[in-house]
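Here's the structure we're looking at; comments come further down.
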Amino acid sequence: MKPIDIASTQRRTTIIQHYFSMWLTRDFNKLKQVIATDCYYQECYGPAYCSFAEIQAWI
């Protein structure tokens with residue numbers, strides 16, 4: 001079993017916190033720092049977005 005990479009886990013946690021903060025403040029200026037250009041994002045209720053451009057249009 002691999003040991004947990006604490007630094008990597010903390011970086012991921014920080015990115016997720018920034019993402020949710022964007023929704024709370026409605027300030028998405030730094031979205032490109034959180035979402036990859038070639039990402040795939042699917043909502044829990046069905047809709048899916050297949051690129052950064054689609055996510056930007058959705059937001």
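Note that this is a predicted model, so its numbers are computed, not measured.
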What donor-acceptor contacts under 3.5 angstrom involve side-chain atoms of residues 28-41, with partners at least two apart or in another chain?
| unit_1 | atom_1 | unit_2 | atom_2 | d |
| --- | --- | --- | --- | --- |
| N29 | ND2 | D27 | OD1 | 2.8 |
| Y40 | OH | Q42 | OE1 | 3.1 |
| Y41 | OH | Y19 | OH | 3.0 |

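To the nearest 0.5 angstrom, H18 atom NE2 is 11.0 Å from T13 atom OG1.
The main-chain N or O of Q17 is never found under 3.5 Å from a side-chain atom of S21 such that the two would form a donor-acceptor pair.
Legend: side-chain hydrogen bond (donor to acceptor under 3.5 Å, both in side chains) pairs involving residues 50-59, not counting sequence neighbours, sorted by first then second residue: Y49-W58.
Hydrophobic clustering (ILVMFWY, side-chain heavy atoms < 4.5 Å, transitive): F52 and W23 are in one cluster.
Enclosure of atom CG in L24 by more than 12 non-hydrogen atoms of other residues, nucleotides or ligands within 6.0 angstrom is indicated.
With sequence neighbours left out, the side-chain hydrogen bond (donor to acceptor under 3.5 Å, both in side chains) criterion links R12 to S8.
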